Amino acid sequence: MIKKEISKIFRDMADLLEVKGDNPFRIRAYRRASQSVEGISSDVSKMTEKELVSIPGIGKDLAGKIKEYSETGKIGAWEDLKRDVPEGIIDIISIPGVGPRTAKLIFDELGISTLEGLESALEKGRLRGIGHIKDKTEQNILKGIKLIKKGRERVSIGLALPLAEGIVRYLKEEPYVDQISVAGSIRRWKESVKDIDILVTSDEPSKVMHRFVSMAGVSDIIAKGSTKSSVYMNDGIQVDLRVVDDACFGAALQYFTGSKEHNVRLRELAVKKKLKINEYGVFDAKTEKFLGGRNEEDIYKVLDLKYVEPELRENTGEIVASAEGTLPKLIEVKDIKGDLHVHSDWSDGGHSIEDIAMAASRRGYKYIALTDHSKGLGIANGLTEERILAQIKEIDKVNKQMNDFTVLKGLEVDIRSDLTLDIRDEVLSRLDIVVASIHSGFGQSKEKITKRLISAMENPYVDVIAHPTGRLIGKRDAYEVDMDEVLKAAKRTGAVIEINAFPARLDLNDIHTKEAKKLGVKLAISTDTHIEDHFDYMKYGVAVARRGWLEKKDVINTKSAKALIDHLKKKRKD
DNA sequence: GCCGTTTTCGGCCCGACTGTTTTCAGTCG
């Protein structure tokens, strides 16, 4: 993943430049570029200079550095910089509470440039008295190092959201808590988050603060002020709480929802209009007159912008679209009429066909596609051709008992390492819907894996590609796959790409989803349900779709069962 | 280092909390 490497180099360069005391705006430019590069869906190494420069935050100079890395595997300026400032200092800056100034101080005075070196110096008391460092700072740095060693990884939204909702419920129990909302990257539904942000309005902020820092599960209080507090929870996740007045709830919610880049853009627009935006509202820059902020909409309105949904606030084109009135009408959970990736106890699911169908019907769905594994996945009790035919009969029986609900006959067929499917076409042709996916040979080359997916799509009976990159967030990286080529092939063949809503998968991800839409590829949002509760994961899949700018019409399981079947039949004919 | 219906040069978002230098720098989001 060359773009990840380049993105990291730019980020690291920003850190080292900061330690050097370089121009802060130059540093910001590197950070911005790092983010931009990471967000690109196509292969940076294949892009021309002209294409590179069209990326926001990439100018001539940085385009040159990207080219240099693509061609030589190195960036001269980065190598030079590392000679000036040791790379290990990046680890030191990553300690909470230690920034570039402190890191530089420690390096200049003691020559320390590694975490281990810093820890042993601290234990020997060598930092005491250097610059601003006294005993309290010393303790804080030690605490920070321990925290890093514990591994402050990003937490998946599937873990963070329930935790955040729990804290909201706990705070809400008190009458002095008026309005309350989760903010930050959770409200934007990012697939993984670094911390939890919560916003409260109250007439008695100090009481709120006290209740917050004394809740169960708090391991450490980072800061406790009159309007803002931060704590670490036992599992290492940080939670920030802000209390504001009712009159500025909207402004604060907008501000704390971010992203930072989105907000910076808004404030730049505000400056041009002789306005000032902060977490307390929109103000006239000169007279300081309050112009709005009770509702989030106020902020956008005053800038002549249409309201931007939180999931879109990443400074990836949403502000321009908002100004032009071309924002998408984002898909919602209630638009979903059925789930197209569901397992039963015929393979590795936990319920009978009838029970899982009833569960889906209770949730208001009109259909599910039963997509048990095929025989290639022996460990999951995958179905042989004979069992598939038997299952078809069983589904017919269940459908007769159901009211206003259809179980579609489906299969999650295995794409084998040799490009073939493990179930014969004659059997596939008997099914309503065939979902194909890779469960083996993850280590194959990018070319090979890409070919496997494309050849599966070229089979007339394959309708959907499930979890197309195979990643498990925090556990297993995506296999190497040329997603550009896969999406183009999807467009060409009419195959649908799945957004797997399982919180550990979220695969397709948001960036590729946006790319798929641009190419006109249709998507399905499915939960990969194995037990009934997994149906509740649909919201995470819809969130990915919303972050990918999808509308109802882009997603096939917003159709009625009949319209869906008609849509799928078209591919088989073509 | 990027960027331009005010600019190709001169800008580049804004505020809270901590520790400690009694007026503010450093860090964070």
Side-chain angles (χ1 to χ4, degrees), chain A residues 10 13-15 17-19 21-36 52-66 77 92-106 129-141 143-144 183-185 193-199 205 209 213 221-231 238-244 248 251-252 254-283 285 288 299 303-304 315 323:
Chain A
F10 285 170
M13 285 184 83
D15 281 351
L17 286 168
E18 203 167 21
V19 174
D22 212 285
N23 176 356
F25 299 109
R26 188 170 175 230
I27 292 161
R28 209 175 89 181
Y30 274 98
R31 293 234 161 87
R32 181 159 181 235
S34 165
Q35 251 221 331
S36 284
L52 288 170
V53 170
S54 73
I55 301 166
I58 304 292
K60 241 186 133 179
D61 182 276
L62 291 177
K65 290 190 167 77
I66 293 172
I92 293 183
I93 300 182
S94 73
I95 302 167
V98 179
R101 311 309 282 253
T102 310
K104 183 173 179 2
L105 181 74
I106 293 169
I130 293 173
H132 63 279
I133 300 171
K134 298 267 181 317
D135 56 343
K136 195 92 182 191
T137 307
E138 217 175 38
Q139 283 167 28
N140 282 342
I141 298 176
K143 236 193 248 176
S185 45
V193 304
K194 221 178 80 220
D195 54 19
I196 294 173
D197 293 290
I198 293 174
L199 182 69
M209 289 306 167
V213 299
I221 300 170
I222 304 164
K224 185 184 175 207
S226 56
T227 67
K228 180 186 169 188
S229 294
S230 298
V231 298
Q238 180 178 335
V239 188
D240 297 333
L241 176 75
R242 267 306 268 273
V243 182
V244 297
C248 55
Q254 197 288 319
Y255 176 73
F256 291 110
T257 296
S259 65
K260 196 173 169 184
E261 292 70 26
H262 175 88
N263 286 352
V264 167
R265 283 288 296 135
L266 285 192
R267 289 180 198 189
E268 283 169 1
L269 283 181
V271 169
K272 281 183 190 151
K273 288 182 184 290
K274 311 253 183 254
L275 301 170
K276 186 178 77 169
I277 298 177
N278 58 28
E279 57 260 59
Y280 302 109
V282 183
F283 302 87
E288 297 273 318
I299 309 297
L303 295 173
D304 293 324
N315 192 28

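Predicted, not measured: the structure shown is a model, and the values here were computed from it. In the text below, chain A, chain B and the rest are named by the order of the sequence lines, each starting its count at 1.
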task: Indicate whether OP1 or OP2 belonging to B/dC3 is found under 4.0 Å from a side-chain N or O atom of A/Lys60.
output: no
- line: From CD of A/Glu18 across to P of B/dT27 the rounded distance in Å is 8 Å
Nearest-Å distance for atom pair CG/P, residues A/Leu52 and B/dG1: 16 Å
query: Between B/dG15 atom C1' and A/Glu288 atom CD, what is the distance in whole Å?
result: 13 Å
message: Could you tell me how far B/dT21 sits from B/dA25 if I compare only their C1' atoms? Round to whole Å.
response: 9 Å
- request: Compare the minimum distances between each of B/dC12, B/dG29, B/dC3 and the side chain of A/Asp240, then state the nucleotide with the smallest one.
  value: B/dG29
field: Between B/dT20 and B/dA16 - P atom distance, rounded Å
entry: 22 Å
Pairwise 5' ranking along DNA chain B for A/Val53 and A/Phe256, keeping only the more 5' one: A/Val53
message: With heavy-atom distances below 4.5 Å as the criterion, would you say the side chains of A/Asn278 and A/Tyr255 are in contact?
response: no
message: For B/dC12 and A/Arg265 - does any side-chain N or O of the residue sit under 4.0 Å from the phosphate oxygens OP1/OP2?
response: no
- prompt: Which way is the base of B/dT21 turned, syn or anti, if we draw the line at 90° from 0?
  reply: anti
Rounded distance (Å) that lies between atom P of B/dT18 and atom CD1 of A/Ile141: 17 Å
- prompt: Has the side chain of A/Asp197 got a donor or acceptor that lies under 3.5 Å from a partner of the other kind on the base of B/dG29?
  reply: no
Under-4.0 Å side-chain N/O to phosphate OP1/OP2 contact, A/Gln238 with B/dC28: no
query: Which is true for A/Arg26 with a 4.0 Å heavy-atom rule: it touches a base, it touches only sugar-phosphate, or it touches nothing?
result: base
task: Find out whether A/Pro56 and A/Arg32 are in side-chain contact, i.e. whether some heavy atom of one side chain is under 4.5 Å from a heavy atom of the other.
output: yes
task: May I ask you to verify if any side-chain N or O of A/Lys224 is less than 4.0 angstrom from the OP1 or OP2 atom of B/dT18?
output: no
- prompt: Base, sugar-phosphate, or nothing for A/Asn140, non-hydrogen atoms under 4.0 angstrom?
  reply: sugar-phosphate
message: Considering every strand and a 4.0 Å limit on heavy-atom distances, what is the contact class for A/Ile27: base, sugar-phosphate, or nothing?
response: nothing
message: With heavy-atom distances below 4.5 Å as the criterion, would you say the side chains of A/Thr102 and A/His132 are in contact?
response: yes
task: With the side chain counted from C-beta on, respond yes when A/Ser185 and A/Lys194 share a heavy-atom pair under 4.5 Å apart, and no when they do not.
output: no
- prompt: Mind checking the C1' distance from B/dT23 to B/dC17? Whole angstroms is fine.
  reply: 16 Å
Under-4.0 Å salt bridge between A/Lys104 and A/Glu18: no
message: Between B/dC12 and B/dT7, how many Å separate the two P atoms, rounded to a whole number?
response: 16 Å
task: By nearest nucleotide on DNA chain B, pick out whichever of A/Tyr30 and A/Glu268 is the more 5' one.
output: A/Tyr30
query: Just by distance, do the side chain of A/Asp197 and the backbone of A/Ala183 share a donor-acceptor pair under 3.5 Å?
result: no
field: side-chain N/O A/Lys134 vs B/dT21 OP1/OP2, d < 4.0 Å
entry: yes
- request: Return no unless some side-chain N or O of A/Ser230 is found under 4.0 Å from OP1 or OP2 of B/dC17.
  value: no
query: Does the side chain of A/Ile198 reach to within under 4.5 Å of the side chain of A/Ile196, using non-hydrogen atoms?
result: yes
OP1 or OP2 of B/dA16 under 4.0 Å from side-chain N/O of A/Tyr255: no
- prompt: Within this structure, what is the CD-to-C1' distance between A/Glu279 and B/dG29, rounded to whole angstrom?
  reply: 10 Å
- request: Kindly point out which of B/dC14, B/dC17, B/dG1 is positioned nearest to the side chain of A/Val271?
  value: B/dC14
- prompt: How about A/Val244 and A/Glu279: do any of their side-chain heavy atoms sit closer than 4.5 Å?
  reply: no
task: For B/dG19 and B/dC9, measure between their C1' atoms and round to the nearest Å.
output: 40 Å
message: Under 3.5 Å for both donor-acceptor distances, Watson-Crick or wobble: does B/dT8 have a partner, and if so which one?
response: none
task: Tell me whether the OP1 or OP2 atom of B/dG15 has a side-chain N or O from A/Asn278 closer than 4.0 Å.
output: yes
task: Any chance you could measure A/Asp61, atom CG, to A/Arg26, atom CZ, to the nearest 0.5 Å?
output: 7.5 Å
message: At 4.0 Å (heavy atoms only), tell me whether A/Pro100 reaches a base, stays on the sugar-phosphate, or touches nothing.
response: sugar-phosphate
message: B/dG1, OP1 or OP2 - any side-chain N/O from A/Lys65 closer than 4.0 Å?
response: yes
- prompt: Rounded to whole angstroms, how far apart are NZ on A/Lys194 and C1' on B/dC28?
  reply: 9 Å
message: Taking any heavy-atom pair under 4.0 Å as a contact, classify A/Thr102: base, sugar-phosphate, or nothing.
response: sugar-phosphate
query: Could you give the CZ-to-C1' distance, from A/Phe25 to B/dC12, as a whole number of Å?
result: 5 Å
query: Does the side chain of A/Arg267 get closer than 4.0 angstrom to OP1 or OP2 of B/dC13 through an N or O atom?
result: no
- request: To the nearest Å, give me how far apart CG (A/Asp135) and P (B/dT20) are.
  value: 6 Å
field: Among B/dG1, B/dT6, B/dG19, the one nearest A/Leu62 by side-chain distance
entry: B/dG1
- prompt: Expressed in whole Å, how much space separates the P atoms belonging to B/dT8 and B/dG26?
  reply: 34 Å
query: Looking only at atom P, what distance separates B/dT6 and B/dG1, rounded to whole Å?
result: 28 Å
message: Measuring from the side chain of A/Arg32 (C-beta onward, heavy atoms only), which nucleotide among B/dA16, B/dT6, B/dC2 has the closest atom?
response: B/dC2
message: Heavy atoms only, 4.0 Å cut-off, all strands: where does A/Ile277 land among base, sugar-phosphate and nothing?
response: sugar-phosphate
message: Can you tell me which nucleotide in B/dC13, B/dC17, B/dA16 comes closest to the side chain of A/Ser226?
response: B/dC17
